Amino acid sequence: MEKEEIDRLRREKNAIILAHYYQTGDIQDIADFVGDSLALAQWAAKTTADIIVLCGVHFMGETAKILSPDKKVLVPDLNAGCSLADSCPADKFAEFVDQHPGYTVISYVNTTAAVKAMTDIVVTSTNAKLIVDSFPKEANLIFGPDRNLGNYINSITGRNMLLWEGACHVHEQFSLEKILELKAHYPEAEIVTHPECKQPIIKVSDFVGSTAALIKHTAQSDKKQFIVATESGVIHEMKKKNPGKEFIPAPPNDSTCACNECNFMRLNTMEKLYNCLKYEQPEIKIDKEIQEKAVLPIRRMLEISERLGL
Ligand code: 13P
Ligand code: SF4
């Protein structure tokens, strides 16, 4: 019932449903488009819909609203926050930036609009390496807020960017010990990992990449089994694309909880999606001055990504 009603409402209201791969399978399946953070921003920038329903977390809704300020942007549950964005309060980040004059500020998209407003260029995990590479080797760069992604980008680009000490609670939870136990059990399996994970996990991985890169890699690889060290929602798309392959979610440290599921992402449900389309709330609102500043580094990212064919 909900499904048909969601369908009817989105047609009637000229609404588009965008979903991140960390949403539950039912939401991914009903969405008009499913993507990683970069793809969601690209869609939000080009859609002609009047309403964007962003099934993801708050900063994703904000990014859509920053890019399309005249559209109504809804998120099924406004409490869907992000521990990584929360680990970088705008006032503290402003102090950090002020302490380093002459530095270019690169911010991961997992930040609040206020942090984006004091950023020179935004990146996602799909384009971070290429965008960092586009700066001269001697450039002084600040990278925030994810220390794990920052460390990883430093290691593959030979940079020494100054890092903000933030992290995602989901990606930091994975246990090296348990992943190695799993690998012993499935010796043929490839370990595929998101760069928000800690360095020891990255070191034992066969492939490291953004959500979209992990999906692409598992489809192209000859291997039949994969240990997946990222939010387990991504496995829905991996299974759809590769019915003959096996995907084993990497276990979190504490096996009594589902820590490889992002509790914020999972706040969105089909019922809340239906209600938000019906009542056209909760809506993302952004201060005009912040929006006008924050749109510049996001547009820069989109322009470079387009040039790079991403
Ligand atoms: P990507 O979608 O860019 O891979 O980011 C992962 C993530 O943690 C989203 O919150
Ligand atoms: Fe934020 Fe981590 Fe959840 Fe992504 S998985 S939305 S980075 S808390």
Side-chain angles (χ1 to χ4, degrees), residues 2 17-31 34-37 40 53-64 73-89 108-113 115 124-125 144-149 164-176 178-179 192-198 201 210-212 214-215 227-239 247-276 281-284:
E2 256 158 18
I17 301 172
L18 307 180
H20 191 270
Y21 287 115
Y22 295 175
Q23 294 294 282
T24 50
D26 49 2
I27 293 182
Q28 291 190 43
D29 290 343
I30 204 163
V34 190
D36 68 352
S37 309
L40 293 178
V53 183
L54 202 308
C55 297
V57 292
H58 192 269
F59 78 81
M60 295 175 176
E62 273 192 342
T63 305
V73 177
L74 309 169
V75 172
D77 191 327
L78 269 195
N79 293 317
C82 169
S83 56
L84 179 51
D86 288 348
S87 70
C88 188
Y108 195 30
V109 70
N110 299 41
T111 42
T112 59
V115 168
T124 75
S125 49
D146 191 284
R147 61 179 167 222
N148 297 319
L149 178 64
W164 179 263
E165 282 292 316
C168 155
H169 74 296
V170 179
H171 288 91
E172 283 224 317
Q173 271 294 328
F174 292 111
S175 149
L176 176 63
K178 290 187 180 172
I179 287 179
V192 298
T193 297
H194 195 282
E196 286 174 26
C197 292
K198 285 181 176 170
I201 311 268
S210 64
T211 305
L214 295 179
I215 291 169
I227 297 166
V228 182
T230 188
E231 215 273 3
S232 54
V234 71
I235 293 177
H236 182 71
E237 178 70 11
M238 288 173 171
K239 280 186 176 162
F247 298 93
I248 307 132
N253 251 323
D254 175 1
S255 49
T256 59
C257 71
C259 306
N260 53 8
E261 289 182 2
C262 174
N263 52 317
F264 297 113
M265 285 276 183
R266 307 303 173 115
L267 283 176
N268 295 326
T269 61
M270 287 288 275
E271 191 186 355
K272 290 178 194 170
L273 168 56
Y274 165 68
N275 281 328
C276 105
Q281 56 175 316
E283 187 181 353
I284 298 275

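As the structure is a computational prediction, the values presented were derived from the model and not from experiment. As a basis for the values below, the full set of heavy atoms in this structure was taken, side chains included, without hydrogen atoms, waters or symmetry mates.
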Inset, instruction - Pick out which of Val170, Ile27, Val57 makes a side-chain contact (heavy atoms from CB on, under 4.5 Å) with Met265. - result: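 In the set Val170, Ile27, Val57, the residue that makes a side-chain contact (heavy atoms from CB on, under 4.5 Å) with Met265 is Val57.
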
What's the separation between atom [atom1] in [X] and atom [atom2] in [Y], rounded to the nearest 0.5 Å?
X	Y	atom1	atom2	value
Asp86	Phe59	CG	CZ	11.0 Å
Asp146	Ser87	CG	OG	7.5 Å
Gln23	Leu267	CD	CG	9.5 Å
Thr124	Leu149	OG1	CG	9.0 Å
Leu74	Lys272	CG	NZ	14.5 Å
Gln281	Cys276	CD	SG	9.5 Å

Is [X] reaching over with its side chain to a backbone N or O of [Y], donor-acceptor style, under 3.5 angstrom?
X	Y	result
Glu62	Ala113	yes
Gln28	Tyr21	yes
Glu165	Arg147	no
Asn268	Asp77	yes
Lys178	Ala250	no

Between [X] and [Y], is any pair of side-chain heavy atoms under 4.5 Å apart?
X	Y	answer
Ile179	Pro251	yes
Glu283	Val73	no
Leu84	Tyr108	yes
Cys55	Leu273	yes
Asp26	Glu2	no
Val228	Val234	yes

Atom of [X], atom of [Y] and distance for their closest heavy-atom approach:
X	Y	value
Gly81	His58	CA-CB, 4.5 Å
Pro282	Val75	CG-O, 3.1 Å
Ile201	Ala229	CG2-CB, 4.3 Å
Ser37	Val109	CB-CG1, 3.7 Å
Met238	Ile215	CE-N, 4.2 Å
Gly144	Trp164	CA-CB, 3.8 Å

Legend entry - Side-chain donor-acceptor pair present, His236, Asp29, cut-off under 3.5 Å: yes

Legend entry - Donor + acceptor pair across side chains of Tyr22, Thr230 (<3.5 Å):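 Their side chains do contain a donor-acceptor pair, which is all the 3.5 Å distance test asks for.
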
Inset, instruction - Taking the six-membered ring for Trp and the full ring for Phe, Tyr or His, determine whether the centres of His169 and Phe264 are under 6.0 Å apart. - result: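 So the answer is yes for these two rings.
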
Inset, instruction - Apply side chain to side chain donor-acceptor pair (under 3.5 Å) to the pair Asn260 and His171, showing each step before the final yes or no. - result: CA-CA 7 Å; Asn260 53 8; His171 288 91; over 6 Å; no

Residues two or more places apart in sequence or in another chain: which of them pass side chain to side chain contact (heavy atoms under 4.5 Å, CB included) with [X]?
X	result
Ala85	Cys82
Arg266	Thr24, Glu231, Ser232, Glu261
Lys198	Asn148, Glu172, Pro200

Legend entry - Criterion side chain to side chain contact (heavy atoms under 4.5 Å, CB included) on Ile227 and Thr193, from CA distance to verdict: CA-CA 8 Å; Ile227 297 166; Thr193 297; over 6 Å; no

